[in-house]
Amino acid sequence: MIDITLVLVGITILFAVFIALRTVFSLNICALCGAVFLVWLTLLVLFYLDYAIDPVLVALLMGGSIVGSMYLLEQKLKEEYQLFKLPYYLTLVFIVYTMLVNKIYVGAVVVFGLVWLVTFLIHVSGSTGKLKAVGRRIIECCKNW
């Protein structure tokens, strides 16, 4: 079984490889993100091939990638689109969970679909009144803690 020790060593080695690749080839990729992604992708493939892989370990690494992608979006998106963090996060959690359990839960699709819809409605009609205030509070929640 692949355990946490091997995973930590793998991430460390891949991190160093990505640092070297960034230097040699001017790659514009986060070394930590790339290393973690490659490790969880490898573990996921091995998991599907019925190797003894702890799905909790895979899920932890995938969750880290979800949060890392949210940080990237926070840096790259205009402030008005920061409103979509929650539906984006819920969608990725659903996708990762579905990949690990190989089952789609319709209730979960309905929930994140409704969250996307409400967020979109706040976004498009949020230029006036109470919806603007709600949208502003959602955007500001992660800034003022």
Side-chain angles (χ1 to χ4, degrees), residues 1-124 126 131-145:
M1 175 184 252
I2 295 176
D3 67 4
I4 185 71
T5 305
L6 186 57
V7 168
L8 296 177
V9 168
I11 290 172
T12 303
I13 291 169
L14 286 171
F15 178 81
V17 168
F18 273 104
I19 291 291
L21 289 174
R22 283 178 52 109
T23 304
V24 173
F25 296 109
S26 300
L27 291 178
N28 192 19
I29 185 169
C30 169
L32 181 58
C33 297
V36 170
F37 169 75
L38 282 180
V39 168
W40 72 247
L41 183 63
T42 301
L43 292 175
L44 187 64
V45 168
L46 293 173
F47 177 74
Y48 282 141
L49 295 174
D50 289 327
Y51 283 82
I53 303 295
D54 183 0
V56 172
L57 185 54
V58 181
L60 274 168
L61 297 172
M62 293 172 96
S65 291
I66 290 171
V67 173
S69 73
M70 288 189 58
Y71 282 130
L72 180 64
L73 281 178
E74 190 173 55
Q75 292 174 0
K76 302 291 182 184
L77 287 180
K78 293 181 183 178
E79 185 172 292
E80 66 185 281
Y81 298 112
Q82 300 296 321
L83 181 67
F84 292 96
K85 283 184 199 174
L86 176 63
Y88 174 79
Y89 177 80
L90 295 177
T91 302
L92 290 183
V93 167
F94 172 77
I95 290 168
V96 164
Y97 185 76
T98 301
M99 290 169 69
L100 290 170
V101 299
N102 204 21
K103 182 177 180 182
I104 295 177
Y105 289 87
V106 175
V109 174
V110 170
V111 168
F112 78 75
L114 286 173
V115 171
W116 271 106
L117 178 64
V118 169
T119 304
F120 178 75
L121 292 174
I122 290 170
H123 176 72
V124 297
L131 285 181
K132 181 177 184 177
V134 169
R136 174 71 14 224
R137 277 191 223 122
I138 292 170
I139 291 171
E140 293 295 324
C141 83
C142 293
K143 290 182 179 179
N144 300 319
W145 55 275

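A side-chain contact (heavy atoms from CB on, under 4.5 Å) with L43 is found for exactly one of V45, V39, L41, namely V39.
The ring-ring contact (aromatic ring centres under 6.0 Å, His included) contacts involving residues 4-25 comprise nothing, where partners must be two or more places apart or lie in separate chains. Within the structure, side-chain hydrogen bond (donor to acceptor under 3.5 Å, both in side chains) contacts touching residues 28-45 (residues at least two apart or in different chains) are W40-S65. Under the side-chain hydrogen bond (donor to acceptor under 3.5 Å, both in side chains) criterion, no residue pair touches residues 13-25, with sequence neighbours excluded.
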What pairs of donor and acceptor atoms, side-chain ones from residues 93-118 against any protein atom, are under 3.5 angstrom apart with sequence neighbours left out?
from, atom 1, to, atom 2, distance (Å)
T98, OG1, F94, O, 2.7
W116, NE1, P87, O, 3.3
W116, NE1, T91, OG1, 2.7

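L8 CG to I13 CD1: the interatomic distance, rounded to the nearest 0.5 Å, is 11.0 Å. The distance from the SG atom of C30 to the CG atom of L72 is 9.0 Å, given to the nearest 0.5 Å. In this structure, D54 CG and I2 CD1 are separated by 11.0 Å, a value rounded to the nearest 0.5 Å. Interatomic distance, CD of Q75 versus CE of M70, reported as 12.5 Å (0.5 Å rounding). With rounding to the nearest 0.5 angstrom, the CG atom of L44 is 9.5 Å from the CG atom of L49.
When the side chain to side chain contact (heavy atoms under 4.5 Å, CB included) test is applied to S69, the partners found at least two apart in sequence or on another chain are Y88, L92. Applying the ring pair (Phe, Tyr, Trp, His ring centres under 6.0 Å) criterion to Y81, with sequence neighbours excluded, gives H123.
Counted within 6.0 Å of OH on Y48, heavy atoms from surrounding residues, nucleotides or ligands total more than 12; the atom is thus considered enclosed.
Looking only at side-chain heavy atoms (C-beta outward), T119 and L86 stay at 4.5 Å or farther from each other. In this structure, L57 and I53 have side chains that are not in contact, with every pair of non-hydrogen atoms separated by 4.5 Å or more.
G34 and I29 make their closest contact through CA-CD1, 4.4 Å (heavy atoms, listed as atom of the first residue, atom of the second, distance).
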